Asker: 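One structure is given below, represented as structure tokens, and several questions about it will come after.
Labels below follow one simple rule: chain letters A, B, ... track the order of the sequence lines, proteins then strands, and each chain is numbered from 1. The figures here come from the full heavy-atom set of this structure, side chains too, leaving out hydrogens, waters and symmetry mates. Being a predicted model, the structure only gives us computed values, none of them experimental.
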There are 4 protein chains.
Amino acid sequence: MKKIGVGLIGSGFMGKAHAIAWSGVRAVYGDVPEIRLACLADASDDLARRKASEFGFATATADWQALLADPEIDVVSITTPNKFHAQMAVAALDAGKHVWCEKPMAPVLEDAQAMLNAQRRSGKVAILGYNYIQNPAIRHIRTLLDEGAIGPVNHIRIEMDEDFMADAGAPFQARHEAVNGYGAIDDFGVHPLSLIRTLFGGVAEVMCDMAKPYPTRKGKDGERAVEVFDVATILLRLENGASGLMALSRTAWGRKGRIAVQIFGEKGSILYDQERLNEFQLYLATERPTEQGFRTVLTAPHHAPYDRFVPAPGHGLGFNDLKVIECRQLIGLMRGEPGIVIDFEDGMKIERTVAAMARSFTERRWVKVDA
Amino acid sequence: MKKIGVGLIGSGFMGKAHAIAWSGVRAVYGDVPEIRLACLADASDDLARRKASEFGFATATADWQALLADPEIDVVSITTPNKFHAQMAVAALDAGKHVWCEKPMAPVLEDAQAMLNAQRRSGKVAILGYNYIQNPAIRHIRTLLDEGAIGPVNHIRIEMDEDFMADAGAPFQARHEAVNGYGAIDDFGVHPLSLIRTLFGGVAEVMCDMAKPYPTRKGKDGERAVEVFDVATILLRLENGASGLMALSRTAWGRKGRIAVQIFGEKGSILYDQERLNEFQLYLATERPTEQGFRTVLTAPHHAPYDRFVPAPGHGLGFNDLKVIECRQLIGLMRGEPGIVIDFEDGMKIERTVAAMARSFTERRWVKVDA
Amino acid sequence: MKKIGVGLIGSGFMGKAHAIAWSGVRAVYGDVPEIRLACLADASDDLARRKASEFGFATATADWQALLADPEIDVVSITTPNKFHAQMAVAALDAGKHVWCEKPMAPVLEDAQAMLNAQRRSGKVAILGYNYIQNPAIRHIRTLLDEGAIGPVNHIRIEMDEDFMADAGAPFQARHEAVNGYGAIDDFGVHPLSLIRTLFGGVAEVMCDMAKPYPTRKGKDGERAVEVFDVATILLRLENGASGLMALSRTAWGRKGRIAVQIFGEKGSILYDQERLNEFQLYLATERPTEQGFRTVLTAPHHAPYDRFVPAPGHGLGFNDLKVIECRQLIGLMRGEPGIVIDFEDGMKIERTVAAMARSFTERRWVKVDA
Amino acid sequence: MKKIGVGLIGSGFMGKAHAIAWSGVRAVYGDVPEIRLACLADASDDLARRKASEFGFATATADWQALLADPEIDVVSITTPNKFHAQMAVAALDAGKHVWCEKPMAPVLEDAQAMLNAQRRSGKVAILGYNYIQNPAIRHIRTLLDEGAIGPVNHIRIEMDEDFMADAGAPFQARHEAVNGYGAIDDFGVHPLSLIRTLFGGVAEVMCDMAKPYPTRKGKDGERAVEVFDVATILLRLENGASGLMALSRTAWGRKGRIAVQIFGEKGSILYDQERLNEFQLYLATERPTEQGFRTVLTAPHHAPYDRFVPAPGHGLGFNDLKVIECRQLIGLMRGEPGIVIDFEDGMKIERTVAAMARSFTERRWVKVDA
């Protein structure tokens, strides 16, 4: 691969994050080909042109299908609203492009399956933007688990909490309609599930409860019933036999980007919180008892690929840096190297787990993920 | 009440804690009658005599029924193993004594009910040793909730974790036998339930899962099957409509006395962790957004009854001090004053919630607490 | 020693703490003689009688010298204002009593020396109430240092901060007059110095700065000049050669009982903060680099004498419990056992260090402690 | 300004950070001109070419003076070793370029002055790479101070600690020679001083102590005397009258990138630690006393310019992001907008403060910064 030609569809929050990642990945890593920012597509010509200029893309278009037709584009970043993912990803794969699609796959399970099918028939690389798994802290936790540092894991707990829906007085929005999803379990749940998949493997069975802290919100024409669930609590059984717990809230005042992970093993424990993404905690029961304690480990150059960003320990990576790591994983996969990602295969399992949760809640019973 | 005559049955961990509380309560509070440590009963005359001397009791006996016959004894502390609680508490109440019984009530629900019946017919004060609710931090959280500081509560999470069962290599003990209980849900679950009752009221419905991290342990004659569950995870619905979650583990390496409470309301959140019992955290969504954050509040003299122990803020109370507060509550109740305690009525509701959890696990379904 | 007869002079904050300690020490430890609370002295008969009743003392008096004449009293707790310490301690020692005197020794260096002289000629035990050194966490840090866990210590920092003088609008009080001391260096500085002495030994040289955040305060007749210094910062050289730093503030908003210690050695570091008195932090550079971190160790039964209070780890001791430990140390010394205390010898060195700080500030230069 | 032509001298740690910043600033901010990465200079043609390709620069050279001659270059990033700063910065300014030079200015005070003189005569923008001041958290602390949120500041403490010199067994290096500086006070001290300058203004007077934890290290030909001081402790008086403290260590095991700031004012306090760069703590004495506490505020879009990087709160910026903010400040200044930076004027004051510390240590006395 001499150069990588990049197309970007969508230029909002995540589109910008992809653009920053594509712009920086070569300087950060030094071991990737030249990146050519070929074309940016967005809803209108004007918007596309303005963002193409800001983000440094050579051309712009309001026609994403034209972008896919460009033979100089090797890989397409898809960062549009979820409902467009399937159509675009399928078309991109069918056009012979690699795909970097933002999570989740699609609001409808069949569409997600179509995406996976397209990837399988194309043989191209197709990954999802679950960038939290790219954190050097998470990578190192995975290494510790693989080494058996805390022994076999027998119990896990994961919480994901933010507060952007916590204001009871905020008006009714489109995302309060059932047509746009279940609420916490698909909007949030997929992140913890991506961590579970990366660290432990699959979920076997779920028992899910959901709640609406604010059953109605102010609409244009008076109070409207909220159709989604901002809170969910889920009992889990992992495929490896461990018991687990997941708790999700979009109405948890004070939580901003919390994804708190607790991992309990036969010889120790590991803790992590996304709000302090540059550290994790480790307890080893093998130490002298009088000095056993949770140690706070700051990520450092010896936790690859932290070293690519800063050569000094404890200086901190940010959210956008995780996207650069994800981008580098994608490039490696495109070159046939192994990589740690959530690809469409993994993504599909995550989607199926979410579907099982929804069914469990409706039927008030344990549901097997693959049933 | 000119003097309070005290009898103590049992002189182990909790017996000692009761003795320390009875010895110190008058000096700490200054507003209670003279306490007369009348008689200590334990399994043998020797042990009873030795402990009576150490703890400052006037007399000693190996016959707890003799202790109950002493007319100078007004109140009896019962700190024997759980299986003796019912018999002793019923006898004490029938003998016209007030009762301070360690938690939980009894291993068998019918016995707990008998205790409650005895209390009802005697009209005496009968409380249980749920001393975590006595913490000035918890008291102040209750005040904040009553004031509506964080608005109506819509979601709670409580975890209780320790690691005294975490060593997979530790041998099989009596407490691994089913005859001695379910495991985490009765041994631990009652503590979070006492906090839920104090702060929010009753639990309406539960969905419980339990797990055995180590299904067998080394016995005298080879590997033996562990019959109890060291881990439990429970979905909750409170009577006030809030959704909730409880997680319990006796095998959580690194956790020593963790009872972590998360309370989410319409206008803010409150956090508490028993391992740092002299502080709590409060988030108020009513503050200027740019400075909103969880504030760590150290308990201080203005959080009654902290002031009775130390006149300076942030100097710290300990586990045994909470027992002194509980003792003072009991004395108040004996004088007809109101008090914050878990009495036998409340205790019975806790026992019923535990029973509902057990049934939910067995039947793999939601169970109503009062069904 | 069959029984210990105790006299208490003063019944305020620290008098109560002594009373609670004397009442509880036997039940907590189980290995000390019977304690007889013989006599309590305070400013008036009424007050003395009321407190004697509350604290459980047999007799009361307004004449502390009469208390000293009581032949059944073996040891005297002195908890009166600092200016009375010297007179009372000297008299008590001359009367053949052991002495447990609250810190500091005396506002005037000569008086402190007189106290030490009295102790020397009496041969009795005389200790000061520096109870922070009794914390099992501090004891264990001392053990770790003795074992060389973090290698030779080369640098330390100690901060002591509270905020009871932080309100600029609070009126002028007696303690703002120079006659009552320097301010932070004697009121606070002695505590960090007691920790330095316990953990590292003596201070060789000091360079001190002091500051008045609020140079005037509202008096009865208008604004008055504050004569003491609420803030002090001190560069230190320890006798063992380590460099150090001390910072003291009584006007540090938000700090309630902070005594933050940082200890840096050749192989690791130790941190401690009195506001979280049941934990300390340890960093060992000898561990695998990728998992090095500050571990938070919760005190537990294996950190003696925590086990005397609670048999479960992480359950927490409080401020008053430290006073019980101090009391037990005193009793041991009275029986000829070794003990960890600040006796009058050590106390005198602390007083001399404070005097050197004051001189350093006045003369704006480094001052040797023993010069 | 239609386009900005950029030259970069040096391609090591900081050179890479500058390159990443120049590459990303336009995509991040969207309000800056097109950035043209014109030329990269480094010690050899080979290295320069390789890095120019990685970092995306159009041309490469081993002759930094040739770079300065390029008329299409508007601004030069200087990221070479400190001893080259003066020569290059002076030449760049004299060549009519704006300058972004890494900190500190120069090892010799006269050279720093020459840099400032060159800036003054050129009228060009010249700033130093003190990027910690660019953190949205620090920016917001400055806003709070300006608003008087905590009232007039009367006392500050700043610690900067890392452990890259903490290994006593590590061999003697060039940086242990006096010719390369004093040690902690210039290598580290300048960072806290940049924060002091940004938040409070100038330092009036200093009293400095320095220490060598390891006086000798293993050299090629046996043990060699270390000539620099890895530890320094400094008493400060700020120009605004506040008392202060600075502590610096390069041998503080466990500290990785700690810059801990404590700010005490008449109405509250603020805390910050660079190891957790996405949060700060605020205590307001104006709140209801029973809920006063240090609140941990996570940076968020409302703390500009956090919003340029991520639209969601609590998601975290990293070290390299701070460099992007610094780059944007520089661009603004080049356009005549105001900006928060350490320019050569401010930098010179920092250098003079360091010189005063060194003199204070040698002469064992307080030294006025401008004396």
Asker: Are any non-hydrogen side-chain atoms of D/S249 and C/Q262 less than 4.5 angstrom apart?
Answerer: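 A side-chain contact is absent here, since even the closest heavy-atom pair is not under 4.5 Å.
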
Asker: Which heavy atom of C/W253 sits nearest to which heavy atom of D/E266, and what is that distance?
Answerer: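 That closest heavy-atom pairing would be NE1-O, 2.9 Å.
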
Asker: Is the shortest heavy-atom distance from the side chain of D/Y214 to the side chain of C/N154 under 4.5 Å?
Answerer: yes

Asker: If you take all heavy atoms of C/L235 and D/C208, which pair is closest and at what distance?
Answerer: CD1-C, 4.3 Å

Asker: To the closest 0.5 Å, what do you measure between CE (D/M246) and OG1 (C/T233)?
Answerer: 13.0 Å

Asker: Using non-hydrogen atoms only, which part of C/A166 is less than 4.5 Å away from chain D: side chain, backbone, both, or neither?
Answerer: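 Looking at C/A166, just its backbone touches chain D.
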
Asker: Which residue out of D/A252, D/A168, D/G293 racks up the most heavy-atom pairs below 4.5 Å with chain C?
Answerer: D/A252

Asker: Exactly one of D/L245, D/I234, D/V231 should register a side chain to side chain contact (heavy atoms under 4.5 Å, CB included) with C/L245. Which one does?
Answerer: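 Exactly one pass, corresponding to D/L245.
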
Asker: Of the listed residues (D/G151, D/S243, D/G169, D/G268), which shares the most heavy-atom pairs with chain C below a 4.5 Å separation?
Answerer: D/G268

Asker: Assess whether side-chain contact (heavy atoms from CB on, under 4.5 Å) is satisfied between C/Y283 and D/D163, documenting all intermediate values.
Answerer: CA-CA 12 Å; C/Y283 183 97; D/D163 64 3; 3.9 Å; yes

Asker: Rounded at 0.5 Å granularity, tell me how far CE in C/M207 sits from OG in D/S360.
Answerer: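 Spacing of CE (C/M207) from OG (D/S360) equals 8.0 Å.
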
Asker: Where does C/R255 contact chain D at under 4.5 Å (heavy atoms): side chain, backbone, both or neither?
Answerer: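 Contact with chain D is through both the backbone and side chain of C/R255.
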
Asker: Would you mind checking which part of C/D167 comes under 4.5 Å of any heavy atom in chain D, side chain (CB onward), backbone (N, CA, C, O), both or neither?
Answerer: neither

Asker: CG of C/D209 to CH2 of D/W366: how many Å apart, nearest 0.5 Å?
Answerer: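 The CH2 atom of D/W366 is 4.0 Å from CG of C/D209, to the nearest 0.5 Å.
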
Asker: Are C/R157 and D/D161 side-chain neighbours, meaning at least one heavy-atom pair lies under 4.5 Å?
Answerer: yes

Asker: Under a 4.5 Å heavy-atom cutoff, which of C/R237, C/Q281, C/K256, C/M210 has the most pairs with chain D?
Answerer: C/R237

Asker: Counting only heavy atoms closer than 4.5 Å, note whether C/K267 contacts chain D via side chain, backbone, both or neither.
Answerer: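 The backbone, not the side chain.
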
Asker: Sort C/E287 into side chain, backbone, both or neither according to what part of it lies under 4.5 angstrom from a heavy atom of chain D.
Answerer: neither

Asker: Could you report the tightest heavy-atom contact between C/R364 and D/E205, atom names first, then the distance?
Answerer: NH2-OE2, 2.6 Å

